[in-house]
Amino acid sequence: MMKNFITLIDQAIEIAIATQPDYNPAEKRLEHFIEMLNKLKSEAESGQLAPANNAQLGLARFVGDWVEPVDSPLKSVAWEIDQYYQQNM
Amino acid sequence: MQLNCKTSTTIVISLFATFGFSLTRPQLSKAIAQQKTCTEMIGASDAATFKDSQCKEVKLTQATNFYRYHSDDTNKFGRFMTTNKYNNNLDVIKKLALKQTWGNKATKIITVTLPTGTITYQGIVAFQDPATCYPGGGQQTYIVNSKDPNIQWSASQPLTVNSFVCP
């Protein structure tokens, strides 16, 4: 279960990094998003991830404010992580 | 008798007009088919930012002002805004459920003027976890294209700022 969760985070990090060249360097939200994904991954790997208690992480909500295009794969994977966390962790 | 008949007909026609029963069956089917859910209109992840994933589509008939709250240039621009004007950061963080993990401390306000014809999606802000800190409940307006060059973003004005604590 945790392995699947970390796999999703890795996918998100990969997409986010691949997206970086398309963004204005002034757009710090993508950078912050990658930092948060790495933190999340680290917490998951060390067993320090807080239980979901049916809550979401808010990744897709954060990304949805600014990501381009509006149907970006980054938002899709962020939503998958949110859903996975809420339903399984 | 004739008068009664006319009166009845008038009442029936009025009722039909009032309650919309004058649609023919094909028209009614079309109208029902056009009632899309918020999720169908903007996708599940953006719909989930609205309470109960419910929003309505509103096409602006005139240029309209909305507000957006931010703390630096990083989060000044974006798709989410509100009709609610708040005077301090604590109300903004709670009512708009701005989870502080993501960095928007809501210390400033800007006015966003959307042009005539803009399609907006409007509803109530959903809570974010933990709901005791981020209950939501404010008005939320979402637009798909925040890069529209006809949108006017005002200069930022400072809000009253107090320390936000979430246990």
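Below, chains carry the letters A, B, ... as their sequence lines are ordered, and counting in each starts from 1. Hydrogens, waters and symmetry mates are skipped; everything else that's a heavy atom, side chains included, is used.
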ask   = Relative to chain B, which segment of A:L57 carries a heavy atom at a distance below 4.5 Å: side chain, backbone, both, or neither?
value = backbone
inquiry  = Does atom CZ (B:F127) have a neighbourhood of more than 12 heavy atoms from anything else shown, all under 6.0 Å?
reply    = no
query = Pick from B:R79, B:R68, B:K99: which one makes a salt bridge (Lys or Arg N to Asp or Glu O under 4.0 Å) with A:D65?
reply = B:R68
task = Consider only side-chain heavy atoms of I, L, V, M, F, W and Y, link residues closer than 4.5 Å, and tell whether A:L37 and A:I17 are in one cluster.
result = yes
request  = Find the one option among B:S45, B:S146, B:G78, B:G103 whose heavy-atom pairs under 4.5 Å with chain A are most numerous.
outcome  = B:S45
ask   = Under 4.0 Å between a Lys/Arg side-chain N and an Asp/Glu carboxylate O for A:K39 and A:E35?
value = no
ask   = Between B:A131 and chain A, which part of the residue has a heavy atom less than 4.5 Å away: side chain, backbone, both or neither?
value = neither
